[in-house]
Each structure stands twice: as structure tokens, then as C-alpha cells.
Amino acid sequence: MAKRKALKEKNGVRFDNNRRKLRTGETYDKYNGYVYRWTDQSGKRHAVYADTLEELREKEVKVTVDEHDGIKKDTNNRTVNDIYELWKQLKRGVKDSTMQNYIYIYDMFVAPALGKMKLTQVKKSDVKRFYNTLIEKKDLKISTIDGIHNVLHQVFQVAVDDSLIRMNPTEKVLSELKRAYAGDTEKRKALTLEQQNLFLDFLKEDPRFNRWLPVFYVMVFTGMRVGEITGLQWRDVDLDSRTVTVNHTLVYYNHRDERGCYFSINTPKTKAGERVIPMTEGVRDAFLLEKKYQEETGISCSCSIDGYDDFIFVNRFGDVHHQASLNRVLHRAMRECNLKVLEKGEKDPVLLPPFSCHVLRHTFATRLAESGVSPRTLMDLMGHADISTSMNIYVTLSEEFKKKELEAFEKYVTNTDNGGKGPIAGKNEKDNNGDNIQEAAS
């Protein structure tokens, strides 16, 4: 106490132990170091501490600016997890399956680590370090980080909107991360036309897999999502007008109740997901083949999910298919098909790559683009809400297809029947004036 009194001069002016004059609200003692105390607009007292006067005054500037901008000061002890709980209470407008997925990924990856940090202490570098750790030490894919970031960004935005923090520390972090790990990301590749035909021919010819031809054929030639296919009812298919109506999707997830994981019916995520798809002759035959198979084997739908029944594609017990089960069938078919091809001993044979149900949807979109279907039509058929998603299909067309298209273009524009003059003259050919073309060009 004597020490503090010794630092006072008359008229109440304070000095630190180096005889530097202290401003209003600033104090110094050997126990607490430098302290700045102030009263906010609501009459509540606050204090910040620092080891040096310079550090203290930096904090004072931040306090002054925060006061001016209305940033609340009652957040010092609130963690990211605390704001996450608030976000859960406020979040609306998403399907239950989506919300449960949000909760799962946050509880699994964020809550035990970054979630324990004080809200006001989290910097952009902390978020970057957290994402890098998930990739490098937990071997998570960029797509998984994308999902985590989606939730984390929303949580911090709640804090920004409530004036608990000034800036969202996750802003632009994901885009920077994607650029940094660009070499590690894998683009989903569609099957080539040769691979597509090889796959479907194998299903037709192999008695072990023939039973799966209808469901995968419909996937390849409608581009429906796997949940839309497995949730399809016979009433959604009009074999006379040859249309397939898509207005719901089948989802399987952990509902976090006493029943745990089970199926539910969702409406499409966007209005664009509700659509009517024209049925090709082959797709119609696939539905008829499935109907015939079920009649011959005595299989029929025996389940009801959220009031929906009479599902088309069911297993031998009459239950709807799991996406994981269909993907396992694809992996077995891929392996057996490739073994059959390799047994022939052909040079440079066409083989199937590892692929999933979603790759078949991507394959359908790629075939549409290759056949010249407009981006707008592709967008409608695929149920895309954003035209940029459809345009990306055109950007990622195979190099072989682009080469063939360019060759066709050159053949068209240089065709003499179209007014063209043929390909450019060779190195030693002469133009109409008898001059060497290369010399004339120079």
C-alpha cells in the first residue's frame, strides 16, 4: 500500500515505478502490474491487465473502439462451445438429418479442441492451425473439413451478430486451405463412355449381378441421387407418359433419440430438387425388368417410412436399400468385371475404376454435357439449384472428349464444302502467288 501511495503526486496524478505519468483509469503496483479499469454504458465495472505500459495502452485502444462499436465485454469467460449451444437453440430452416449431421461433426471434432478456447481469444491463425491438425494428424479429407467449417463459421457468426466479437475468425480460412492442399484434393471423375458400357454390359451378362441391373441402369440414365432412387415409389413412375417424378428423398441417420439410426423421408434440400425427369426407353425397360423380377421371386415392399410405402427398389426382405449396401455391390461388381476383362489378355484393356453411386450421377451429367445438352437443361434434369454447379460439369469434361470435339470443329471449319480452304499449307508449300508461305509469314 505504501508503494502505491509513493507513486502518487499531489493533485491525484499517478506515476508508475519509472516515473511515467499514468492516465485516468490506469494504475500500477508490483502485484498486479499495469491495470486499466473503466465503467461501461450500463454501469458495469471492467478491468484489463498487462505486464508493460505499452501493452496496456494497446488494450485500452481496443477497449475504446469496442465501446464505440458496441462490442460487449461480458464474454471473457465464454467459450466457443458456449456459443455453439446458443447457435443450436437459434438454428432454423434445415432438415433434421442435416442438423443432426452438424451436431455430430461439431461434437466429434470441434468440441474437444477448439471449442474449449475462450471466444475472444480465438484468432484466424488458431482456426488455420486447427484445420491443419485435422488434415495432417487425423487424416481428414478437405470435404470433411468443409463440413466442419460450415458449422464453425455459423457459430462464430452468431457471436459477431450479437456483438460479442468484432470479426469472424473463420472468414476466408477454408478457401486458403483449399488452395494450400490443392494437390491433395481428388476430383470426382465420371466413368468414360467405354467404362459405362463395360459396367452395364457386365451386369446384363453376369448371373451373379444381373439382379442389380435395373437400379444401377436407372441411376446411370436419370442422374438421380441415391436417396431419390432408394426412396422412389411406384406411384412416382408413369410408364405410359414415361416420366419419373422426384419430390422426396430417403435418408438414414442418427436421430439422437431412443431409436438411434433409422430411415426418414425428407423433401429435397432445394425447390430445384423437385423435378420431373423424362424416361428413356431403356429406363422404362429397367423398371419393367424390376417389376418382373419381383413378381417371379415373390418379393414386394414390406416397409412404411413416414407414411411412404410401395418403394420400387427393395431387398429380398422387402426393405429399402442402404446406400452403403449399394456401394458394396458396386465394389464387388467392379472387381469381378475387371478380373473378367483381364482374363482375356487384351492389350490396354478398358477397366473400371473404383466408384460409388454418386459417381453414376456424375456420369449421367457428363454424358449430357458431352451430347451437347445445354447447361440450363442439365441444371433442370440434375435438380441443381445453382447454374454454376452445372457449368462445372462442362469444365471437367475428359481431355479425350475435348480433343475429339476440337478435331470435329477443325474438320467442320476447314471443309471445302463449307467454304473452307482446307488445312494450313505445309512448310514447303507455296501460296497462290508462288511465294513460300513461311517466308511470307516472316
Side-chain angles (χ1 to χ4, degrees), residues 46-51 55 58-59 61-63 65-66 69-186 253-257 260-261 269:
H46 302 277
V48 292
Y49 300 83
D51 294 328
E55 180 186 352
E58 287 180 6
K59 291 184 177 182
V61 172
K62 185 177 184 302
V63 166
V65 175
D66 286 351
D69 293 345
I71 301 298
K72 299 177 182 178
K73 290 300 170 189
D74 56 350
T75 61
N76 289 339
N77 294 319
R78 301 181 75 173
T79 66
V80 178
N81 284 340
D82 292 332
I83 306 304
Y84 163 69
E85 293 298 328
L86 175 61
W87 171 80
K88 282 200 299 183
Q89 297 173 22
L90 300 175
K91 186 64 178 177
R92 296 291 185 276
V94 296
K95 302 184 187 306
D96 182 61
S97 58
T98 303
M99 189 63 190
Q100 294 304 328
N101 185 55
Y102 286 163
I103 293 172
Y104 170 78
I105 61 177
Y106 186 94
D107 290 349
M108 176 65 71
F109 301 110
V110 182
L114 191 72
K116 293 181 178 180
M117 290 186 65
K118 297 291 181 61
L119 175 68
T120 55
Q121 294 178 355
V122 179
K123 302 181 291 294
K124 180 175 285 192
S125 59
D126 296 314
V127 179
K128 289 181 179 179
R129 189 179 300 110
F130 172 61
Y131 288 168
N132 286 331
T133 299
L134 292 178
I135 293 173
E136 295 167 3
K137 294 187 178 180
K138 293 188 178 295
D139 294 325
L140 296 189
K141 300 293 185 183
I142 292 294
S143 58
T144 305
I145 302 298
D146 201 340
I148 295 170
H149 174 82
N150 184 29
V151 179
L152 202 52
H153 184 274
Q154 294 180 52
V155 170
F156 278 109
Q157 195 58 43
V158 168
V160 172
D161 294 342
D162 265 8
S163 298
L164 302 178
I165 54 177
R166 182 182 304 280
M167 298 176 62
N168 191 325
T170 67
E171 200 69 45
K172 297 183 179 179
V173 172
L174 185 65
S175 58
E176 295 173 7
L177 190 77
K178 286 182 175 179
R179 289 197 296 271
Y181 287 93
D184 295 337
T185 57
E186 295 180 3
Y253 65 97
N254 188 344
H255 291 66
R256 296 180 178 270
D257 57 19
C261 294
K269 283 189 175 182

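Fair warning: this is a prediction, and the values are worked out from it, not measured in the lab.
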If only atom types and distance count, is the side chain of Gln154 paired as donor or acceptor with the main-chain N or O of Asn150 below 3.5 Å?
yes
State, with a plain yes or no, whether a side-chain heavy atom of Val110 is found less than 4.5 Å away from one of Val151.
no
Worked verdict on Val173 versus His153 for side-chain contact (heavy atoms from CB on, under 4.5 Å)
CA-CA 10 Å; Val173 172; His153 184 274; over 6 Å; no
State, yes or no, whether a side-chain contact exists between Val158 and Tyr84 at a heavy-atom distance under 4.5 Å.
no
Indicate yes or no: at least one non-hydrogen side-chain atom of Lys91 is less than 4.5 angstrom from one of Lys88.
no
Glu85 and Asn81: side-chain donor and acceptor closer than 3.5 Å?
no
In this structure, are over 12 heavy atoms from other groups packed under 6.0 Å from Lys116 atom NZ?
no
Closest approach of Val160 and Asn168, non-hydrogen atoms and distance?
CG2-N, 3.6 Å
Hey, is the main chain of Gln89 close enough, under 3.5 Å, to the side chain of Arg92 for a donor-acceptor pair?
yes
Donor-acceptor contacts, no H, no angles, side chain residues 127-135, under 3.5 Å, sequence neighbours left out:
residue, atom, partner, partner atom, Å
Lys128, NZ, Glu176, OE1, 3.0
Arg129, NH1, Asp126, OD1, 3.1
Tyr131, OH, His149, ND1, 2.9
Asn132, OD1, Tyr181, OH, 3.1
Asn132, ND2, Lys128, O, 3.2
Thr133, OG1, Arg129, O, 2.8

Are the side chains of Ile148 and Leu140 in touch, meaning some heavy atoms are under 4.5 Å apart?
yes
Would you indicate whether the side-chain heavy atoms of Tyr253 and Asn101 approach each other to under 4.5 Å?
no
What distance do Thr79 atom OG1 and Gln121 atom CD have between them, rounded to the nearest 0.5 Å?
11.0 Å
Tyr104: what forms a side chain to side chain contact (heavy atoms under 4.5 Å, CB included) with it, not counting sequence neighbours?
Met108, Arg256
Donor-acceptor pair, side chain of Asn254 and main chain of Gln100, under 3.5 angstrom
no
Between NZ on residue Lys123 and CE on residue Met167, distance to nearest 0.5 Å
13.5 Å
Main chain of Glu171, side chain of Lys124: is a donor-acceptor contact present, judged purely on distance under 3.5 Å?
yes
Compare every heavy atom of Pro169 with every heavy atom of Ile165, then report the nearest pair and how far apart it is.
CD1-CD, 4.2 Å
Would you mind telling me which of Asp82, Leu152, Val155 makes a side chain to side chain contact (heavy atoms under 4.5 Å, CB included) with Trp87?
Val155
Starting at CG of Leu119, measure out to CZ of Arg78 and round the result to the nearest 0.5 Å.
7.5 Å
What's the spacing between Ile103 CD1 and Tyr106 OH if we round to 0.5 Å?
12.0 Å
